[in-house]
There are 2 protein chains.
Amino acid sequence: MISVEEQLKSMKQQMIAKGYKSTVQREATMRVLLEHERDHMSAEDVYMRVKERFPEIGLATVYRTLELLTELHLVEKMNFGDGVSRFDLRSKDREHMHHHMICSICGEVEEIQDDWLIELEQRVKREYGFNVSDHRLDFIGTFSSCKHGECRKHCETAS
Amino acid sequence: MISVEEQLKSMKQQMIAKGYKSTVQREATMRVLLEHERDHMSAEDVYMRVKERFPEIGLATVYRTLELLTELHLVEKMNFGDGVSRFDLRSKDREHMHHHMICSICGEVEEIQDDWLIELEQRVKREYGFNVSDHRLDFIGTFSSCKHGECRKHCETAS
DNA sequence: TTATTAAATTATAATCATTCTAATTAAACG
DNA sequence: CGTTTAATTAGAATGATTATAATTTAATAA
């Protein structure tokens, strides 16, 4: 477990190392991401959260920051088919090693904190000559009686 | 291997069985999908192809038809993160039993005609109590020296 | 510290995919 | 064939995202 401040520092360093500038807006955005590590926030969500503490920030800046962080592989851009991109931090200890379970009733997303695809990636390489650099694995379905954690409260109000 | 006409007939029947009408526009759209079974076309792509033979058709109709077919599980709506939804037929013999390899250089998509997730779906059920009804598995990467089939022509012109 | 320079931000407009609306047309079914 | 109801059309509206031009700021060196 690395502290928020340490992670922030490391992210800033990576940014500067690649020739980008470290700005207060970018720091504010990264801070929000650090505090919502696996919330799958949309750009608009991030924008609203950043705005609470930095009201002058513009939406376009948040979009550009998220784009930059994605480029630096510091955040992961996802797409659950609801028309908006979603963003999560990609911290050292869980680098694209997670999958998603998406509730088809309420849209709630939960993570599987594991990499179940190591074997399959080798198989892809072997059988198709395809070198995998990343993957995306989402399961769509429902939790048993929709009573699992976060999902519950949404599903109950949904139907 | 079922003929295009037979598949079309079956699709129309399913449509009517659910109380929807069979129209020439819908038929034209389905015909295009049947002839491009695994091309991952965007709504715009489908629209242009349908328009060649049915110039009066409107874009909204194509969108509505694709939406309807998705609802009937006759087509699969996909999302490769490039801002557009893509649609493929979901014929009997390959019902959501395929995965994707997406070239990170040119964006070309190839399919793996197999279901590699049967075991993992059981594991999800067992370990998380999540009942999987569908899944999405995409690998992002490159083909060895980018010389594999379709990918080649795009990659060469890309860089 | 201050000046310089290039990059970043802001506010706003533009764009692109997708959906909605109102009027018109066409399927289905008796 | 007429009725009913859904589907289509054309065009406007929406919502997410990106581009633009003017202004500000961070990094760097004098």
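Below, chains carry the letters A, B, ... as their sequence lines are ordered, and counting in each starts from 1.
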What pairs of donor and acceptor atoms, side-chain ones from residues 23-35 of chain A against any protein atom, are under 3.5 angstrom apart with sequence neighbours left out?
from, atom 1, to, atom 2, distance (Å)
A:T23, OG1, A:R26, N, 3.1
A:R26, NH1, A:K21, O, 2.8
A:E27, OE1, A:K12, NZ, 2.8
A:E27, OE2, A:R31, NH2, 2.9
A:T29, OG1, A:Q25, O, 2.9
A:R31, NH1, A:E5, OE2, 2.8
A:E35, OE1, A:R53, NH2, 2.5

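Following rounding to the nearest Å, B:Q13 (CD) and C:dA28 (C1') show an atom-to-atom distance of 16 Å. Per the geometry, NZ belonging to B:K51 stands 13 Å off C1' belonging to D:dT8, to the nearest Å. Rounded to whole angstrom, the span from the CZ atom of B:R26 across to the P atom of C:dA26 amounts to 15 Å. For B:M15 and C:dA27, the CE to P distance is 14 Å, given to the nearest whole Å. D:dA7 atom P lies 11 Å from atom CD of B:E71, rounded to whole Å. Remark: C1' of C:dA17 and CG of B:L66 are 13 Å apart, rounded to the nearest angstrom.
The salt bridge (Lys or Arg N to Asp or Glu O under 4.0 Å) test applied to B:E127 returns B:R123, not counting sequence neighbours. With sequence neighbours left out, A:F87 forms a ring pair (Phe, Tyr, Trp, His ring centres under 6.0 Å) with no residue at all. Take A:Y63 and apply the side chain to side chain contact (heavy atoms under 4.5 Å, CB included) test, not counting sequence neighbours, and it matches A:A43, A:L59. Evaluation of the ring pair (Phe, Tyr, Trp, His ring centres under 6.0 Å) rule for A:F80 yields A:H40, A:H100 as partners, not counting sequence neighbours. A:K9 is linked by a side chain to side chain contact (heavy atoms under 4.5 Å, CB included) to A:Q13, counting only residues two or more places apart in sequence or in another chain. In terms of the salt bridge (Lys or Arg N to Asp or Glu O under 4.0 Å) criterion, residue partners of B:D138 (sequence neighbours excluded) are, by chain and number, A:R136. Partners of B:R86 according to the side-chain hydrogen bond (donor to acceptor under 3.5 Å, both in side chains) rule, which considers only residues two or more places apart in sequence or in another chain, are B:D82. Contacts of B:E52 classified as side-chain hydrogen bond (donor to acceptor under 3.5 Å, both in side chains), with partners at least two apart in sequence or in another chain: none.
Atom-to-atom distance recorded for B:L120:CG and B:L137:CG is 9.0 Å, nearest 0.5 angstrom.
Where the helix from C:dT1-D:dA30 to C:dG30-D:dC1 starts and where it ends, the local axes point in directions that differ by 40°; five pairs per end, rounded to 10°.
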- [ ] Going 5' to 3' through nucleotides 15-30 of chain D, assign each nucleotide B (protein heavy atom under 4.0 Å from a base atom), S (under 4.0 Å only from sugar-phosphate atoms) or - (no protein heavy atom that close).
- [x] -SBBB------BS---
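Within 6.0 Å of atom CD in A:E56, more than 12 heavy atoms from other residues, nucleotides or ligands are found, so the atom counts as buried in its surroundings.
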Do any N or O atoms of the protein come closer than 3.5 Å to N or O atoms of nucleotides 1-4 of chain C, and which pairs are they?
none

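Sequence order on DNA chain D of the closest nucleotides to B:G19 and B:I57 puts B:G19 first from the 5' end.
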